[in-house]
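As C-alpha cells, the structure follows; a few thoughts come after it.
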Amino acid sequence: MKRTFLPALAGAALALSASFAGAATLDTVKQKGFLQCGVNTGLPGFGNPNEKGEWTGFDVDYCRAIASAVFGDPTKVKFTPLDAKERFTALQSGEVDVLIRNTTWTMSRDTSLGLKFAGVNYYDGQGFMVKKSLGVKSVNELSGASICVQSGTDTELNLADYFKSHNMQYNPVVFEKVSEANSAYDSGRCDAYTTDQSGLYATRLQLQKPDDTIVLPEIISKEPLGPVVRQGDDVWFNVVKWTHYALLDAEELGVTQQNADQMKSSDNPDIKRLLGVQGNFGQGIGLSNDWAYKIVKGVGNYGELFEKDLGQSSPLKIQRGENALWNKGGLQYGMPIL
Amino acid sequence: MSDLQAQTDLFFVRRELATQEAPPAMTVGPAAWVKRNLFSTPGNSILTIIGIALIVLIVPPIINWAFINAVWTGTDRTACIAEGSGACWAFVKAEFAQFIYGRYPDAERWRVNVMFALLLLGLVPMSIPSAPFKRLNVLYLFIVFPVVSYYLLTGGFGLSVVETPLWGGLMLTVVVSYVGIVFSLPAGILLALGRRSAMPAVRFVCTAFIEIVRGIPLITVLFMSSVMLPLFLPQGVNFDKLLRALIGVALFASVYMAETVRGGMQAVPKGQYEGAKAVGLSYWPMMRLIILPQALKLVIPGIVGIFIALFKDTSLVYIIGLFDLLGIVRTNFADPNWASPETPATGLVFAAAVYWVFCFAMSRYSQYVERRLNTGRKR
C-alpha cells in the first residue's frame with residue numbers, strides 16, 4: 001500500500017483533537033441504529049460494488065460482521081467509500097465509526113495518528129507473478145529476469161532491496177501507472193510483474209490469459225492490513241478486535257453459518273463459550289452474550305468469508321497462505337474466549 | 001460566276017450549333033475534384049496521403065474493436081476474455097442501470113425517472129421559441145423544479161429517505177451540473193453587476209470574491225472540503241458530501257459566469273447607458289431592459305462554454321468519493337466479475353459517448369439561439 005505524507009500531516013494535526021473525537025462510539029452506533037463503515041472505493045475482493053450496486057468484498061464483510069455483533073443484523077451498516085488520502089481524516093473526524101479499507105498497520109499510523117489497529121484481517125505483502133511457460137517456481141529463480149513495476153512506490157524500493165540483499169540481478173521495467181505496467185506484462189515486455197499480492201490476483205483477471213500466469217508463493221515485504229478505530233475508545237476498540245477474533249475462533253472450532261444453530265447444543269466448552277451458551281463474555285464488551293453467534297449467523301466465519309470474497313469461490317482465487325489459521329500453517333490466531 | 005461558285009464551294013457554312021465537346025478530362029468529374037481538392041500541390045498531396053494512411057490505420061481497427069469483434073451478450077467476465085475479442089458491451093449492458101442511477105435503491109428508481117421527465121417537461125418548451133408562457137417556464141425551471149426534485153430524490157412527504165451517498169451515475173452528473181447552472185446564471189449576473197457597480201463597497205466585495213474563487217482550482221476546493229473541513233467541525237457534525245460538492249461547483253461556475261457576463265456588459269456601447277438614463281430609466285430597469293439583453297446576447301457562446309465545461313467538470317467529484325457517471329464506470333472496473341482486458345476501455349468509451357451527446361446537444365442549441373438572436377448583425 002502506498003504511504004503518503006499528507007495523511008500523516010492531517011493525522012498529526014488531528015491527534016490533538018482526537019481526545020474529544022474518542023467518546024463512546026459503541027453508544028453512538030447503537031443510538032443511531034447503524035454502523036458507518038469506511039471502505040475502499042474499489043479494490044476487487046476487498047471492497048467494491050457489484051453490478052447490482054451492493055458492496056461486496058472481504059473488508060466489506062468485516063463491516064457486516066461488526067454490525068451483526070452489535071445489532072444481530074448484517075444489513076445495519078452504511079458504507080462510506082474513501083480515498084487513500086481522506087481515509088484517516090474521515091475516521092478521526094467521526095465521519096466513519098471504523099475504517100476497514102486494506103490499511104497497512106505501521107508504527108507511525110498506530111502511534112502518531114491517534115488511531116488503533118484492531119487486528120490483522122489480511123496478511124498482505126509484495127509478491128510476484130510470472131508466466132507459467134517460464135517454469136519458475138520461486139522468486140529466487142528470477143535472477144536476471146526483467147520485472148515490471150510501478151514507479152515511485154514502496155514496491156519499487158522493496159524490489160531493489162530484495163534483489164540486492166539476495167545478490168541477484170534484475171532488469172526493472174518501470175511504469176508510471178498500474179494499467180501501463182499491466183499491459184506491458186501482458187504483451188510480454190517483462191518476465192515478471194510485482195505489486196502487493198492481493199493486487200496481483202486482481203491484476204491477473206485483466207490479463208488476456210489469466211490461467212497462463214501464476215502468482216509465486218513468496219512475499220518480500222510485510223503489509224498487514226486490518227480494521228482501524230479511533231484511539232482512546234477502548235470499548236469500541238474491543239468490539240472490533242473481538243469481532244475479528246470471534247471470526248477466527250469460529251473457523252478454528254468449525255462453527256459455520258450453516259451449523260451455528262446445531263453447534264449451540266455442542267458439548268465442547270470452547271464452542272459453548274463462543275456462542276454465548278456459557279459465560280457472560282459478551283457483556284464484557286458491551287454486547288449481548290450471543291454476540292459471536294450473531295456474527296457467525298450473520299456473515300459466517302473467517303474461512304467462509306475468505307472463500308467467498310477472495311478464495312476459490314471468487315474470481316480472484318487467492319490461496320490462504322499466511323492467512324490460514326495458525327494450526328494450518330498460517331498466521332491467523334484467534335485469542336481464546338475464556 | 002462559276003469561279004465564284006467554285007470559290008464559295010470551298011467555304012463550309014455551318015447551319016447548326018456545333019455539338020458540345022466534353023471538357024478536358026481533368027477539369028470535371030470526381031477525378032478533377034480529387035485533383036483540385038486533394039492533390040493541388042505537392043504539399044497537399046503529401047498531406048492527403050498521410051491522412052488516408054492514418055484513416056486506414058485507425059478506423060478499421062476501431063470498427064473491428066467496437067462492433068465486429070465486440071462481445072454483446074454475456075453474464076460475466078468469461079464472455080469477454082476470449083482471445084481477440086473487442087469491446088465488452090455486455091459489461092455496459094449489465095451495469096447500465098448502475099451507470100444511470102448509481103446505487104439508488106432499485107425500488108425507488110422511478111423517482112429518478114420522474115425527475116428526468118420533469119426536467120424534460122421544463123426544458124423542451126423552454127428551448128422552443130414559439131412555445132408560450134416563457135416567464136412561468138423560467139420560474140418552473142429555476143425554482144419549482146429544483147425544489148420538487150429535491151424532495152423527490154431525497155425523500156419526504158411519504159417517500160422513503162434515500163441518502164446522498166447512494167446517488168450516482170448519470171443522475172448525479174445531471175444533478176450537480178443542473179444545480180451549478182441554475183445557481184451560476186443569476187449569481188454570475190449579480191456578481192458582474194456588482195463588479196461594475198459605482199458603489200465602492202459592493203464593487204470591492206464582488207471583485208475580491210471573484211478573484212479569490214477564480215484563483216483556486218476546483219479540485220483543491222473539493223479536496224479541502226473533504227479532507228480539511230471535517231477537522232474544523234465538532235465531532236458528529238458532518239456536511240453531506242454532495243452538499244459540499246454542490247456548493248463548490250456552484251461558486252465556481254458563478255464566478256466564471258460573472259466574468260463572462262461582465263465582458264458582455266463592457267461590449268455594450270456607452271451610448272446605450274446614456275440613452276437609457278436620458279429616457280429616465282433608473283438603474284435596475286436600465287439593466288433589465290437595455291443593457292443585459294444586449295450583453296447576454298453577445299456572450300451566449302461564452303455562457304454555453306461554461307455550461308459545457310461545468311457538465312464535464314462534475315467528474316471531479318470523483319476525488320471526494322462521489323460516483324458520478326465517470327466515477328461509477330471506473331469503480332466498476334474493480335468488479336471481479338467483469339474484470340477483463342477490454343473492460344476499462346469499453347467503460348470509458350461508453351462514458352465518453354454519453355458526455356459527448358450532452359455537450360454536443362448543448363453546443364448545437366447555442367448555435368441555433370445565436371443565429372436567432374443575431375438580428376442586429378445579420379445581413
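Below, read A as the first sequence line, B as the second, and so on, with proteins coming before strands; counting in each chain starts at 1.
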Q) Among A:G45, A:G57, A:G42, A:P81, who wins on heavy-atom pairs under 4.5 Å with chain B? A) A:P81
Q) What heavy-atom pair brings A:P315 and B:N337 nearest, and what distance separates the two atoms? A) CG-OD1, 3.7 Å
Q) How long is the gap from OG1 on A:T41 to OH on B:Y318, to the nearest 0.5 Å? A) 5.0 Å
Q | Part of B:A97 lying under 4.5 Å from any heavy atom of chain A | A | neither
Q: Write out, in numerical order, the residues from residues 98-107 of chain B with a heavy atom short of 4.5 Å from a heavy atom in chain A.
A: B:Q98, B:R103
Q: Mark yes when over 12 heavy atoms from residues, nucleotides or ligands other than B:K312 sit less than 6.0 Å from its NZ; otherwise mark no.
A: no
Q) Of the backbone (N, CA, C, O) and the side chain (C-beta and beyond), which part of A:P44 lies under 4.5 Å from a heavy atom of chain B, both, or neither? A) both
**Q.** Side chain, backbone, both or neither of A:L82 within contact of chain B (heavy atoms, under 4.5 Å)
**A.** side chain
Q) Which atoms of A:T80 come close to chain B, meaning under 4.5 Å heavy atom to heavy atom: side chain ones, backbone ones, both, or neither? A) side chain
Q) Distance from A:L205 atom CG to B:T343 atom OG1, nearest 0.5 Å? A) 9.5 Å
Q. Where do B:N332 and A:P49 come nearest, in terms of heavy atoms and distance?
A. OD1-O, 3.9 Å
**Q.** A:E54, CD atom: more than 12 neighbouring heavy atoms under 6.0 Å
**A.** yes
